[in-house]
Amino acid sequence: MEKKIERSYEIAKDKYAQLDIDTNKVLEQLEKVSISLHCWQGDDVAGFETPDAELSGGGIQVTGNYPGRARTVAELRQDAEKAFSLIPGKHRFNLHAIYGEFGGKFVDRDEISPDHFKGWIDWANSLGIKLDFNPTCFSHPKANDGFTLSSKDKGIRDFWIEHVQRTREIAAFMGKELGSPAINNIWIPDGMKDIPADRLTHRKLLKESLDTIFRKSFPAFEMKDALESKLFGIGSESFVVGSHEFYLSYAVKNKKIVCFDLGHFHPTESIADKISSTLLFVDELLLHVSRGVRWDSDHTVILNDDVKAVAEEIVRADSLDRVHIALDFFDATLNRVGAWVLGTRATLKALLLALLEPRDMLKSAEEKGDFFERLALFEELKTMPFGAVWDYYCMKNNMPVGTSLIDEIHNYEKDVLSKRN
Ligand code: RNT
Ligand code: ZN
């Protein structure tokens with residue numbers, strides 16, 4: 001088997017060399033990419049605040065009841081470790097505030113502290129991975145009426161301001177301890193089901209809340225702030241306070257990271273096209289790689305045209321160091337560890353495809369106005385032996401190649417997940 005993979009790789013290497021692509025160099029570049037795996041795929045966005053915690057409100061939804069959900073911190077870590085063991089490269093883990101270790105007592109969102117995340121930091125250290133973070137402004141009684149940081153009720157607003165401020169402290173602590181800045185990504189559900197009479201007041205309030213939250217600054221080597229917009233959610237169909245224009249403007253003015261979730265735009269709107277535009281005005285971007293099917297349904301990421309286009313734009317804009325790639329999907333209808341692995345591997349495959357593009361040839365065809373040549377090259381790329389390069393990369397990293405991945409997931413299900421109920 002190994003010999004066959006190597007032989008196929010040698011043939012592929014020659015073919016790419018004809019396009020002036022050095023596949024060995026490309027694999028070195030790919031190896032440096034760290035993707036942030038979202039903790040919430042492992043337990044359907046439930047978290048550990050109470051033993052029976054579950055996702056509620058917030059315009060986001062999990063469907064399905066596939067057995068084997070992680071119910072404890074230990075189970076979630078075990079599952080994440082399994083996922084990491086099947087994904088080539090060194091990646092990150094993205095925690096939400098509700099995933100702290102609260103020691104069996106109820107700790108409200110305005111009371112969380114770095115102490116609740118020390119165990120996660122130790123765990124990350126033991127695996128040699130880095131962490132990212134998120135405030136959790138949903139699944140809480142104080143988010144039930146659909147407003148948090150932009151609520152007209154000052155008490156509610158102050159509660160969430162305190163929460164987000166604490167998440168920034170925690171993120172900074174994580175970043176400092178692990179030697180890599182944790183991105184703290186703010187997404188709030190605030191919005192209305194039906195036509196609002198006054199959009200402006202909520203947006204002014206959100207702006208004020210953010211200004212208060214960001215009054216304290218942290219060194220960029222400890223933590224960075226990101227802002228995630230949304231077009232609409234279930235229950236916020238007519239109005240979302242934190243829209244794309246709102247956060248983009250805020251980020252440009254205040255030097256924050258903009259987060260693009262692939263499910264948060266009009267269904268035919270291209271996120272890929274936004275990368276080169278926004279990178280001229282913000283220093284860094286964060287992506288939530290997701291797959292919306294008809295709506296922001298958070299299906300498991302696969303190697304589809306949207307993900308490929310995003311990867312191409314990152315690489316073509318030479319911005320792998322300025323675009324942070326995180327995943328965001330939660331599907332409870334299939335093996336959750338398998339979903340993590342598929343989504344991450346699909347994202348890596350998209351990046352590999354993009355890195356295997358003959359950028360200089362394409363650009364020179366474009367510059368001389370030979371659009372036939374440019375199109376012909378794009379067509380040629382579609383039948384290039386990229387799979388052989390991917391298989392070789394997996395093999396070299398001691399990761400399952402081809403359908404052996406399915407066996408790995410099945411075995412884990414049999415040995416671990418199926419014993420949980
Ligand atoms: C919601 C946003 C947000 C969440 C996570 C759980 O629409 O995409 O990123 O999915 O924070
Ligand atoms: Zn998201």
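Order of listing sets the numbers, starting from 1, for every ligand and every atom in it.
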Is it true that [X] and [Y] make a salt bridge, defined as a side-chain N closer than 4.0 Å to a carboxylate O?
{"X": "Lys154", "Y": "Asp158", "result": "yes"}
{"X": "Arg168", "Y": "Asp225", "result": "yes"}
{"X": "Lys274", "Y": "Glu269", "result": "yes"}

Legend entry - Any donor-acceptor N or O pair under 3.5 Å, side chains Asn94, Asn134: yes
Inset, instruction - Would you check if there is a donor-acceptor pair between the side chains of Asp331 and Tyr66 at a distance under 3.5 Å? - result: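 The answer is no; no qualifying pair exists.
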Do [X] and ligand 1 have an N or O pair less than 3.5 Å apart?
{"X": "Asn185", "answer": "no"}
{"X": "Trp40", "answer": "no"}
{"X": "His264", "answer": "yes"}

Looking only at protein heavy atoms, which one is nearest to [atom], and how far off is it?
{"atom": "atom 11 (O) of ligand 1", "answer": "His96 NE2, 2.7 Å"}
{"atom": "atom 4 (C) of ligand 1", "answer": "Asp328 OD2, 3.6 Å"}
{"atom": "atom 9 (O) of ligand 1", "answer": "Glu228 OE1, 2.7 Å"}
{"atom": "atom 1 (C) of ligand 1", "answer": "Ile60 CG2, 3.3 Å"}
{"atom": "atom 7 (O) of ligand 1", "answer": "Lys230 NZ, 2.7 Å"}

Would you confirm whether [X], through its side chain, and [Y], through its main-chain N or O, come within 3.5 Å as a donor-acceptor pair?
{"X": "Trp340", "Y": "Cys39", "answer": "no"}
{"X": "Trp120", "Y": "Tyr99", "answer": "yes"}
{"X": "Thr201", "Y": "Asp198", "answer": "no"}
{"X": "Arg374", "Y": "Glu366", "answer": "no"}

Inset, instruction - Check ligand 1 against Phe330 and write out every atom of the ligand that is under 4.0 Å from a heavy-atom position of the residue. - result: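 Matching atoms, with element in brackets: 10 (O).
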Legend entry - Numbering as shown, the atoms of ligand 1 that approach Asp296 to under 4.0 Å (heavy-atom distance):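 Counting from 1, the qualifying ligand atoms are 7 (O).
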Inset, instruction - Can you spot which of Leu262, Ile271, Leu327, Asn185 makes a side-chain contact (heavy atoms from CB on, under 4.5 Å) with His288? - result: Asn185
Legend entry - Around the Zn ion (ligand 2), number of protein N/O/S atoms which are nearer than 2.8 Å: 4
Legend entry - Glu54 atom CD, over 12 foreign heavy atoms within 6.0 Å: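 At most 12 heavy atoms, drawn from other residues, nucleotides or ligands, come within 6.0 Å of this atom.
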